[in-house]
Amino acid sequence: MSSELSQVWLGDLKSIKEKLHYKHITRKFVHADSSHIISFCAVVEACVLHGLKRRIAGLLCSNKVAALFMKVAKSFTPAEELCHKVQELEQLIENSKQNNSSLSNDRSRQSKLANLPPQALKHLWIRTALMEKLLDKIVLYLVENSSAFYEKEAMLMDPVDGPILASLLVGPCALEYTKVKTADHFWTDPSADELVQRHRIHSGHCRQDSPSRRPALIQKRQSSGSMDDRPLMWVREYVESLHQNSRATLLFGKNNVLVQPRDDMEAIPGYLSLHQTADLMTLKWTPNQLMNGNVGELDSEKSVYWDYAMTIRLEEIVYLHCHQQVNSGGTVVLVSQDGIQRPPLHFPKGGHLLQFLTCLETGLLPHGQLDPPLWNQRGKGKVFPKLRKRSPHGSCDSVSDKEDDEATDYVFRILFPGNQMEFSKAPLKLLCDTMKYQIISRAFYGWLAYCRHLSTVRTHLSALVNTTIVDPDVPCDAKGGLSVEVWGRFLKDSSAYEEKEIHRLVYFGGVAPSLRKEVWPFLLGHYQFTMTEKSRLEMQIMYEQTMKEWQGCEAIVRQREREKHAEALARCSSGASVERGPVQRDSTISTDASLIEVVQDTEISKSKETSEAEDKAKVEEKDITMNEQSKDLKGVDTNMNIRAPENTNVLKLETEIHNEYFQAPPLGQTLTFQAHKSKDLEVEPLCPTTQETLDMYLINLHRIDKDVRRCDRTYWYFTPENLEKLRNIMCSYVWQHLDTGYVQGMCDLLAPLLVILDDEVMAFSCFTELMKRMNQNFPHGGAMDSHFANMRSLIQILDSELFELMQQNGDYTHFYFCYRWFLLDFKREMVYDDVFSVWETIWAAKHTSSEHFVLFIALALVEMYRDIILENNMDFTDIIKFFNEMAERHNVPQVLMMARDLVHKVQTLIENK
């Protein structure tokens with residue numbers, strides 16, 4: 001039972017350790033209050049306490065870990081250092097319980113204590129040892145001296161499990177931990193699935209325009225005064241600032257003041273407070289839900305109320321509209337300098353409105369005042385000013401005889417004699433004219449900015465889309481795609497459908513899965529829509545010819561490697577030093593097959609002494625045979641180095657060495673095939689093969705073999721037989737393009753073609769056509785930089801908010817996270833069925849909407865998750881991690897729909913409709 005428990009603990013420890021290392025790799029640090037840290041400390045504590053002797057723990061000791069570490073501290077210096085650290089923390093905790101004011105004098109200690117959550121206090125000793133990088137040393141000491149502290153059945157007494165536990169702690173103790181508080185560390189670094197799920201839940205009941213967002217994955221520095229993305233400590237300080245404190249004087253405070261934040265809501269009660277500092281006055285209103293002392297719980301309900309809290313600077317307010325009702329306490333509406341009205345403040349009964357105005361007027365003095373001012377009445381103090389009206393019998397004004405309880409409305413103006421008094425004396429006509437000119441000016445400059453924006457769009461984006469907008473419903477609805485019936489009618493009569501109509505159907509609806517094998521060669525350009533059956537047969541003949549060429553070259557390379565290894569064995573068997581006669585030519589790496597042959601020959605030479613003479617005789621016999629057969633070869637030197645002449649023909653050498661491949665046709669017949677080549681699928685003429693060509697081909701051959709073996713091994717189609725087809729096609733293509741050679745990723749592009757076409761010749765030709773576009777995405781081309789620049793322009797114009805976030809969070813507007821998308825046409829981002837749909841849409845889009853449709857698919861992927869990116873304030877590391885985890889989980893039909901909509905949006909912008 002003890003052994004099984006140890007294995008469970010070690011398994012949990014390994015799992016948590018991997019998660020910690022992954023976090024550290026992706027984020028360069030691990031948060032000290034992460035849930036993984038708490039779980040890690042709990043497992044380590046269970047392991048350390050397992051089988052502990054009673055006399056070590058003590059009979060009355062409640063904290064066994066503390067008793068153990070104190071015992072170790074007597075003879076081990078790191079443990080003694082840990083004891084001092086923990087005792088200091090425990091003292092701080094004890095002081096905070098007794099006297100909170102003493103902590104306010106020591107900011108550093110208070111912040112240090114504030115970073116300790118309740119969960120961390122439970123494993124204080126283990127956690128502190130981990131943060132101080134002492135845990136691995138202490139546990140190793142316990143393992144080495146386990147007999148003094150543990151019973152026989154203890155985990156640390158085990159000769160295997162104990163050292164394993166100590167070694168598992170070395171990695172976590174070497175990591176960097178941070179105590180910087182995020183808005184909510186429980187939301188730190190979630191998986192992509194969790195982020196998507198949160199977004200679905202949160203967006204179900206929150207407004208889209210709500211400024212409140214989920215806490216950022218990493219708390220970014222903020223310079224604005226908004227409440228969103230604030231840490232919990234700031235929230236607590238905000239609530240405390242509503243009361244009297246050393247920084248501001250509380251002039252007025254009243255609870256249950258009603259405010260209606262939105263038109264579709266009822267008025268909610270809150271706390272209204274008026275604060276004065278040395279240079280300004282501030283009016284705050286906070287909902288009662290945020291005043292109950294539980295502001296630390298940012299659940300979905302309470303986080304909404306932060307949208308309704310108001311903080312108003314009185315220097316921005318010009319007018320106060322006071323509306324008095326007989327049966328209520330009155331209402332105040334604040335009007336700012338720009339004419340915007342703030343939500344009305346509904347005071348409860350009891351003269352609180354007059355009290356608020358009195359406190360406001362007192363706070364404005366001596367630098368400001370209310371106009372008209374409140375009146376002083378003997379025995380009552382401040383009262384509302386009495387209305388004056390013109391007397392019908394005289395020229396002087398008389399005070400109104402209205403009763404005090406009669407409802408009266410007032411408009412007060414806040415005046416600052418130093419600056420606003422002069423403004424207030426300005427004629428009303430001048431004020432209206434100024435406002436009129438400002439409105440016209442703003443409208444004009446807004447129109448001018450829009451025109452410049454359209455000019456920028458035309459300049460940067462006009463080359464990315466076709467000028468003609470194709471309607472998905474004309475002449476018929478294309479959302480059904482290219483069906484079997486439509487394709488059948490086209491094959492019977494090619495004039496029934498134009499080529500652009502076929503492309504339109506594919507672009508908006510895709511190709512029926514049963515038709516892909518027939519339609520894809522047309523979409524890729526292998527077949528023209530007017531091509532005859534005879535032309536198709538000629539392509540197959542040319543592919544077979546190419547196969548014979550590269551297979552002949554491969555045979556030469558393999559044969560030479562076998563001979564070099566045989567020569568090495570002959571030298572070893574004859575007692576000669578290999579170093580005395582090294583092989584000078586063809587220093588490339590040998591293949592796996594040749595290495596196996598060397599091992600086999602070596603075993604034979606060791607087991608049988610007589611085989612040495614036989615091996616030497618075979619090598620000499622091969623030397624004689626090669627000299628007799630090949631007149632074009634210069635011969636073999638004393639060191640068995642075979643030299644190829646400058647004009648050696650591949651097919652001729654293939655015949656001469658009698659390799660295992662099928663025989664090539666005579667040279668004259670080959671040249672006949674050369675005359676019937678298609679200009680779209682060119683085969684290099686049989687030029688003389690130099691040693692440099694052979695070496696270059698061998699290097700590419702090794703790369704191809706390595707990638708073919710690991711290409712989509714889990715997909716059902718790639719059996720050994722089909723992998724051999726994949727290798728043949730790849731070798732044929734590289735043989736024709738040795739100047740480019742093989743680059744990692746080409747197998748990924750070929751694999752879906754082979755799955756659909758299931759034909760070597762057809763897949764080779766279609767892959768050649770595909771690579772005409774994709775070849776420039778690889779490092780030797782320059783298309784990737786263009787993709788990144790175009791993505792920057794697109795997102796800057798179509799989604800400026802997201803672009804600003806990318807600039808602020810480390811500036812990843814270089815869009816390097818899209819590199820794999822463009823390199824492989826999203827092949828690794830989606831499952832095979834979705835890849836088929838995306839690829840055929842890209843090929844059809846070239847003739848329908850945009851030759852750069854891949855850009856709009858990439859933009860659609862980003863836009864699909866824009867809310868998640870914005871809500872979580874993602875930086876470059878976050879977005880790479882997110883899209884890596886979301887690979888093969890995207891809603892591809894929705895992505896394609898969004899991509900088509902984005903193309904249409906750009907086309908409409910360019911046309912200025």
Side-chain angles (χ1 to χ4, degrees), residues 462-532 535-536 680-681 749 752-753 756-757 762 765-774 825-827 833-860 892-893 895-908 910-911:
S462 58
L464 301 182
V465 294
N466 298 349
T467 55
T468 305
I469 299 179
V470 177
D471 196 327
D473 301 321
V474 179
C476 62
D477 186 6
K479 295 181 180 178
L482 184 60
S483 62
V484 178
E485 295 78 10
V486 172
W487 183 248
R489 289 197 295 269
F490 173 76
L491 291 180
K492 290 182 181 178
D493 184 9
S494 59
S495 61
Y497 292 93
E498 295 183 3
E499 181 178 345
K500 63 180 181 180
E501 176 63 15
I502 299 295
H503 287 138
R504 189 183 74 91
L505 293 174
V506 176
Y507 175 71
F508 287 105
V511 181
S514 59
L515 290 179
R516 283 175 176 148
K517 186 173 182 179
E518 301 178 34
V519 177
W520 276 24
F522 288 90
L523 295 177
L524 282 166
H526 170 74
Y527 293 150
Q528 302 299 324
F529 284 90
T530 56
M531 183 174 285
T532 61
S535 301
R536 303 175 189 177
D680 294 330
L681 181 64
L749 295 173
L753 296 176
I756 289 296
L757 302 173
M762 187 69 69
S765 180
C766 289
F767 177 71
T768 304
E769 295 295 330
L770 177 65
M771 287 302 296
K772 290 179 180 178
R773 175 176 66 89
M774 299 301 297
D825 266 1
F826 308 94
K827 191 260 183 181
D833 289 339
D834 291 334
V835 171
F836 301 152
S837 302
V838 169
W839 281 18
E840 61 198 15
T841 306
I842 292 173
W843 302 335
K846 177 182 178 181
H847 308 278
T848 307
S849 63
S850 172
E851 188 176 356
H852 305 276
F853 193 67
V854 289
L855 295 174
F856 295 93
I857 296 179
L859 184 59
V892 174
V895 172
L896 289 176
M897 184 183 302
M898 289 182 65
R900 288 189 285 262
D901 291 341
L902 289 169
V903 173
H904 185 266
K905 186 175 181 179
V906 173
Q907 289 176 322
T908 306
I910 292 175
E911 286 195 357

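The analysis underlying the following values was restricted to heavy atoms, covering all of them including side chains, and did not include hydrogens, waters or symmetry mates. Here the structure is a predicted model, which means the values were calculated and not measured.
- Evaluation of the side-chain contact (heavy atoms from CB on, under 4.5 Å) rule for Ile756 yields Arg516, Trp520, Phe836 as partners, not counting sequence neighbours.
- The closest side-chain heavy-atom distance from His526 to Leu757 is not below 4.5 Å.
- In this view, Lys827 and Asp712, Asp748 satisfy the salt bridge (charged side-chain N to carboxylate O under 4.0 Å, His left out) rule, not counting sequence neighbours.
- The structure places CZ of Phe826 at 13.0 Å from CG of Asp834, a figure rounded to the nearest 0.5 Å.
- Taken from CG in Leu524 to CZ in Arg773, the straight-line distance is 9.0 Å, to the nearest 0.5 Å.
- Of all the heavy atoms in Leu482 and Leu515, the pair that sits closest is O-CD1, 3.8 Å.
- Shown here are the salt bridge (charged side-chain N to carboxylate O under 4.0 Å, His left out) partners of Lys500, two or more places apart in sequence or in another chain: Glu498.
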Hey, can you pull the donor-acceptor pairs under 3.5 Å for the side chains in residues 467-480, sequence neighbours left out?
| from | atom 1 | to | atom 2 | distance (Å) |
| --- | --- | --- | --- | --- |
| Asp471 | OD1 | Asp473 | N | 2.9 |
| Asp477 | OD1 | Lys479 | N | 3.1 |

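- With rounding to the nearest 0.5 Å, the separation of CD1 in Ile857 from CD1 in Ile842 is 4.0 Å.
- Considering every non-hydrogen atom in both Ala845 and Asn466, the closest pair reads O-ND2, 4.3 Å.
- Remark: Trp487 CH2 to Ser514 OG distance equals 12.0 Å, nearest 0.5 Å.
- Here the straight-line distance linking atom OG1 of Thr768 with atom NZ of Lys772 works out to 8.0 Å at 0.5 Å rounding.
- By the 4.5 Å heavy-atom criterion applied to side chains, Trp843 and Leu770 are counted as neighbours.
- The nearest pair of heavy atoms linking Glu840 to Val511 is OE2-N, 3.0 Å.
- Taking the side chain as every heavy atom from C-beta outward, Phe522 and Ile502 never approach each other to under 4.5 Å.
- The ring-ring contact (aromatic ring centres under 6.0 Å, His included) test applied to His847 returns His503, not counting sequence neighbours.
- A donor-acceptor pair under 3.5 Å links the side-chain atoms of Trp839 to the main chain of Asp825, judged by distance alone.
- Contact annotation: the side chain of Val838 never approaches that of Val895 to less than 4.5 Å [non-hydrogen atoms, C-beta and beyond].
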Verdict with supporting geometry, Thr908 and His904, side chain to side chain contact (heavy atoms under 4.5 Å, CB included) = CA-CA 6 Å; Thr908 306; His904 185 266; 3.5 Å; yes
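- In terms of heavy atoms, Pro752 sits closest to Leu749 at CD-O, 3.7 Å.
- With sequence neighbours left out, the salt bridge (charged side-chain N to carboxylate O under 4.0 Å, His left out) criterion links Arg900 to no other residue.
- Looking at Val465 and Phe856, their side chains come closer than 4.5 Å, going by heavy atoms from C-beta outward.
- Residues satisfying the ring-ring contact (aromatic ring centres under 6.0 Å, His included) test with Tyr507, not counting sequence neighbours, are Phe853.
- With sequence neighbours excluded, the residues that form a side chain to side chain donor-acceptor pair (under 3.5 Å) with Glu501 are Arg504.
- Checked against side-chain contact (heavy atoms from CB on, under 4.5 Å), Ser483 has the following partners two or more places apart in sequence or in another chain: Glu485, Val486.
- With sequence neighbours excluded, no residue forms a salt bridge (charged side-chain N to carboxylate O under 4.0 Å, His left out) with Glu518.
- Nearest heavy atom pair, residue Pro521 against residue Cys766, reads CA-SG, 3.8 Å.
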